Amino acid sequence: MARADDAGVFALGDGRALIQTVDIFTPVVDGAYDWGRIAAANALSDVYAMGGTPVTALSYLAWPRDELPFDLASEVLRGGFDVMAGAGCTVVGGHSIDGPEPTFGFAVTGLAQTSGVLSTRGAVVGDDLVLTKPLGIGIVTTAIKRGFCPPQIAVAAIDQMVMLNDVAGWAAVAHGAHAATDVTGFGLLGHLRELCEASGVGASIDASSVPVIDGVRQLLAAGAWAGGSQRNLASILDVVETVLDESDLRILADAQTSGGLLIALDPETTSNFISDMSAAVRIGEIVDGGGLIVQ
C-alpha cells in the first residue's frame, strides 16, 4: 500500500486482505467513559477508511495508579468496549501498565475483499472530494482542556468523535471510490496532501463548502488553537495556493480526533454517495499537477 495509508494490509491469498492498525492517545475530553468511546471509534476508523470490517481488537491502557482511581480506568475501558461491541468487533485481550499519564487505545484487525481495499493512491483528475464529518474537533478539545468550551459545543464534538465511519467506508467501496483516508492528526489539508502525493495529483478546495461544527470559529477567535495544529499549518503552507486569511486555514489544518473520511469519487457517483451519507459534503475536486488550491 501507499506510504501514507491508514493501516497495514496483508493479502491472505484467497481474495481477502487482513487490515491492521493501532491508535492510542491521552484524554481529549473530561469524561472517562466518553474518552474510552472516542478512543475506540478512532482506532476503528483506520479499518473503515480502507474499506474493511473490524473483527478483533486488543486494548492498551497506561494508568498512573498512584494519582488516579481505578474506578475511572474502569469507565475508560467500559466506554471503549461498548463501542467495540457496537461495531461487532471482539476485544480478545489487551495490556495495561503503570504510566505517568493516562493513555488508552486499541490495535484493531479487520478484513476486506482484496479488490475492495481503499488507499490514498488512485485519485484521478476530475474526481470529486467528499468529506463525511465537520471539522473543528481539535479546536473544541483545546477549549475543553483550557476550561472555556460551552457544554453544548463539547457535546456536539463528542457526538462527532464517537460516530463510527463504518457506513461511510462501506459506501465508498460500494460506489467505487478511487481513494480515501480518514482526517485525523494532520488535519484536512495534511491528509489531503498525503492523498494527492500518493496519487500524483493536486486538489482544489472550496473552503466555504467545508462543514464546521457550530461555535468552532468563536472558540478559535478566543484562542483555542493547539500546538499540533499550528505545526500542521506550518507544514503545508509551501504547497498551498490561497487568498484566504489565516483563520480559515487554521480550521482546515485543525488536528482531528476520530474525524470523518475524505474520499475521491467519480463525479457520476458523488450524488448517490451523498444520498447514502446525509452528512457528507462535496468540498472540492482533484486537479492536474501538484499542490493544494484553497479558495
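Just so it is clear, the model here is predicted, and its values are computed rather than measured.
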### Message
With side-chain hydrogen bond (donor to acceptor under 3.5 Å, both in side chains) as the rule and sequence neighbours excluded, what pairs involving residues 236-246 come up?
### Response
D245-S247, E246-R250
#### Entry: Member of I205, V287, L252, V240 meeting the side-chain contact (heavy atoms from CB on, under 4.5 Å) criterion with L292
V240
## Note on the structure
From the list V22, D23, I24, side-chain contact (heavy atoms from CB on, under 4.5 Å) with Y60 holds only for I24
### Query
Which atoms form the tightest heavy-atom contact between W63 and L68, and what is the distance?
NE1-O, 3.2 Å
### side-chain contact (heavy atoms from CB on, under 4.5 Å) assessment of C89 paired with V108
CA-CA 8 Å; C89 184; V108 183; 4.2 Å; yes
### Message
Check for me, please, whether I158 and V212 land in the same ILVMFWY cluster - side-chain distances under 4.5 Å, paths through other members count.
### Response
yes
### Transitive ILVMFWY side-chain link V125 to I263, under 4.5 Å
no
### Task
Locate the shortest heavy-atom distance separating L220 from I139; write the atom from each residue and the value.
N-CG2, 3.9 Å
### Query
Are V183 and L188 close enough, and set up right, to give a side-chain contact (heavy atoms from CB on, under 4.5 Å), and what steps lead you there?
CA-CA 6 Å; V183 180; L188 173 65; 4.2 Å; yes
### Qualifying residue, where the test is side-chain contact (heavy atoms from CB on, under 4.5 Å) with I283 and the options are V130, D206, L262
L262
#### Entry: ILVMFWY network linking F186 to L249, side-chain heavy atoms under 4.5 angstrom
no
### Query
Under the criterion side-chain hydrogen bond (donor to acceptor under 3.5 Å, both in side chains), which of N272, T269, D276, D266 is the partner of H175?
D276
### Task
Is it possible for you to say whether Y48 and I137 belong to one hydrophobic cluster, with membership spreading through side-chain heavy-atom contacts below 4.5 Å?
yes
### Any pair counted as side-chain hydrogen bond (donor to acceptor under 3.5 Å, both in side chains), so long as it reaches residues 128-150, sequence neighbours left out
D128-T270, D128-R282
### Task
Check the hydrophobic clustering (I, L, V, M, F, W, Y; side-chain heavy atoms under 4.5 Å; chains of links allowed) and say if W170 and L18 are grouped together.
no
